J.: 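Pasting in a structure now, in structure tokens, and then I'll have a few things to ask.
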Amino acid sequence: MISEKHFLIFVFFLLCIVITMYSGDTGYRVGTADGWIQEQSRRFDAIDRVCTENGSIPMIHELFIYIQEYNLLFCMPPKAGSTTWMGGIFPKFSKLESKFAGKKVHKSKGLRFYLQTQAIVKNMEELKQILRKNPFAFTNVRHPFERLVSAFVDLIVNNHHNLYPEMKNQPFDKFVKDVVLKEAEESPNDKLYSKMNIHWRPFNSLCSFCNVNYNVISKMETFGEDKRHILEMLGE
């Protein structure tokens, strides 16, 4: 049975991230450079406030990739646009094309395989070394509750990966209670939530917002404009 304490901790943590990324009237002027910079500043100010109030979370390295040609560090949380970056945007980067020149491999598939195998950060020491290089760091996030619903549809309704066969045809509220909150309860650390599936584990347990000096926080809700600015900053 899920304890009231852990339930409240988990809900509070989700609310912190919601507040960080989505609260308030931003006055964001869509389509203007000044408006985009102001919105990025608001996101970072909110992250700083939450980190100050609640403390940092130990870093993990598993979801970071590093593209040395651009000194680019990317955290790829599932169900938040990471597949689009990995499979549709990074493979088009001009400095990566030479890696597969003359090779009998589909460029997009080949580069995605490279990113998932060769560019993945292997351990914490490597991540620390990369951070000392002051990389251009960014990630893509999504409203936590929209992300949770997306994961439910993918892994439960569509049974992708067959990870939770016992949840077949079960409603969303049962999924939240018997899977999400149960995994949160079973996690020994109420900041890392290591027992939770990464498809719904809180963003800050994956991407170390309090420890990594990000340059851009992109969101699914402003994906097009965020992508345009990121590509300009990388010279693409």
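In this text, all values refer to a predicted model and were calculated from it rather than measured experimentally.
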J.: Working to the nearest 0.5 angstrom, can you tell me the gap between Phe209 CZ and Asp48 CG?
T.: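 Nearest 0.5 Å value for the CZ-CG distance: 12.5 Å.
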J.: Taking Lys219's backbone N and O only, do any of them form a donor-acceptor pair with Asp226's side chain (distance below 3.5 Å, no angle check)?
T.: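 Yes, the answer is positive, given that a donor and an acceptor are paired below the 3.5 Å cut-off.
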J.: Flag the pair Phe138 / Leu72 as yes when at least one side-chain heavy-atom distance between them is below 4.5 Å, and no otherwise.
T.: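 With C-beta onward as the side chain, the pair touches.
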J.: Below 4.0 angstrom, N of the basic side chain to O of the carboxylate: do Lys128 and Glu125 qualify?
T.: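 Between Glu125 and Lys128 there is no salt bridge, as every charged N stays at least 4.0 Å from the carboxylate O atoms.
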J.: Can any side-chain N or O of Arg147 pair as donor or acceptor with the backbone N or O of Arg201 at less than 3.5 Å?
T.: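 It does hold such a pair.
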J.: Looking at Ala151 and His199, what are the two nearest heavy atoms and their distance?
T.: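 Smallest interatomic distance, heavy atoms only, reads CB-O, 3.9 Å.
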J.: Classify the angle between the aromatic ring planes of Phe172 and Phe152 as parallel (below 30°), tilted (30 to 60°) or perpendicular (above 60°).
T.: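 Phe172 and Phe152: perpendicular rings.
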J.: With side chains defined as the heavy atoms from C-beta onward, is the minimum distance between Leu231 and Ile89 less than 4.5 Å?
T.: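 Yes - at least one pair of side-chain heavy atoms lies under 4.5 Å apart.
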J.: Under 3.5 Å, which donor-acceptor pairs do the side chains of residues 153-162 form with other protein atoms, sequence neighbours left out?
T.:
{"residue": "Asp154", "atom": "OD1", "partner": "His160", "partner atom": "ND1", "Å": "3.3"}
{"residue": "Asp154", "atom": "OD2", "partner": "Lys79", "partner atom": "NZ", "Å": "3.3"}
{"residue": "Asn158", "atom": "ND2", "partner": "Val153", "partner atom": "O", "Å": "3.3"}
{"residue": "Asn159", "atom": "ND2", "partner": "Asn162", "partner atom": "OD1", "Å": "3.2"}

J.: Could you report the tightest heavy-atom contact between Leu192 and Ile57, atom names first, then the distance?
T.: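 It is CD2-CG2, 3.6 Å.
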J.: Give the intermediate values and the outcome of side-chain contact (heavy atoms from CB on, under 4.5 Å) for residues His61 and Glu126.
T.: CA-CA 9 Å; His61 65 85; Glu126 182 181 355; over 6 Å; no
J.: Quick check: Phe175 with Tyr164 (ring centres under 6.0 Å apart)?
T.: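 That pair fails the under 6.0 Å test.
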J.: For Val212 and Cys207, run side-chain contact (heavy atoms from CB on, under 4.5 Å): C-alpha distance rounded to whole Å, both residues' side-chain angles, the deciding distance at 0.1 Å, then the answer.
T.: CA-CA 8 Å; Val212 174; Cys207 292; over 6 Å; no
J.: Between Val216 and Trp36, does a side-chain contact (heavy atoms from CB on, under 4.5 Å) hold up when you go through it step by step?
T.: CA-CA 10 Å; Val216 175; Trp36 185 82; 3.9 Å; yes
J.: Let me see the working for Glu39 and Arg42 under side-chain contact (heavy atoms from CB on, under 4.5 Å), right down to the final yes or no.
T.: CA-CA 5 Å; Glu39 174 62 12; Arg42 186 194 71 84; 3.1 Å; yes
J.: Work out which heavy atom in Met196 is nearest to a heavy atom in Ala184; give both atom names and the distance.
T.: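 That closest heavy-atom pairing would be CG-N, 3.7 Å.
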J.: Under 6.0 Å between ring centres, would you say that holds for Phe64 and Phe74?
T.: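 Judged by ring-centre distance (under 6.0 Å), Phe64 and Phe74 do not meet the cut-off.
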J.: Nearest 0.5 Å, please: how far is CH2 in Trp85 from CD1 in Ile65?
T.: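 So the gap between those two atoms works out to 10.5 Å.
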J.: To the nearest 0.5 angstrom, please state how far the CD atom of Glu185 sits from the OH atom of Tyr193.
T.: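 Answer rounded to 0.5 Å: 10.0 Å.
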J.: How long is the gap from CG on Asn215 to CD1 on Ile230, to the nearest 0.5 Å?
T.: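 It is 9.5 Å, given to the nearest 0.5 Å.
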J.: Within 45° of the ring axis of Tyr214 and under 6.0 Å from its six-membered ring centre, is that where the NZ or CZ of Arg43 lies?
T.: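 No - Arg43 does not lie over the ring of Tyr214 by the 6.0 Å and 45° rule.
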J.: Taking the side chain as every heavy atom from C-beta outward, state whether Met220 and Glu146 have any pair of such atoms under 4.5 Å apart.
T.: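 No, their side chains stay 4.5 Å or more apart.
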J.: Which atoms form the tightest heavy-atom contact between Ile60 and Ser205, and what is the distance?
T.: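 Of all heavy-atom pairs spanning Ile60 and Ser205, the closest is CD1-O, 3.4 Å.
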J.: Could you give the distance from CG (Leu73) to CD (Gln68), rounded to the nearest 0.5 Å?
T.: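 Taking CG in Leu73 and CD in Gln68, the distance rounds to 13.0 Å.
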J.: Just to verify, which of Gln129, Lys122, Lys133 counts as forming a side chain to side chain contact (heavy atoms under 4.5 Å, CB included) with Tyr66?
T.: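 Running side chain to side chain contact (heavy atoms under 4.5 Å, CB included) over Gln129, Lys122, Lys133 with Tyr66 returns exactly one hit, Lys133.
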J.: Within the distance-only criterion (no hydrogens, no angle test), does the side chain of Thr222 pair as donor or acceptor with the backbone N or O of Ser218 below 3.5 angstrom?
T.: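 Checking the backbone N and O of Ser218 against the side chain of Thr222, no donor-acceptor pair under 3.5 Å is found.
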J.: Using a strict cut-off of less than 4.0 Å between a Lys/Arg side-chain nitrogen and an Asp/Glu carboxylate oxygen, indicate whether Arg228 and Glu225 qualify as a salt bridge.
T.: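 Glu225 and Arg228: salt-bridged.
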J.: How many angstroms lie between atom SG of Cys75 and atom CD of Glu62, to the nearest 0.5 angstrom?
T.: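 Reported to 0.5 Å precision, the distance equals 10.0 Å.
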J.: Please confirm whether the backbone N or O of Pro77 pairs with a side-chain atom of Ser82, one donor and one acceptor, at under 3.5 Å?
T.: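 Between the backbone of Pro77 and the side chain of Ser82 there is a qualifying donor-acceptor contact (under 3.5 Å).
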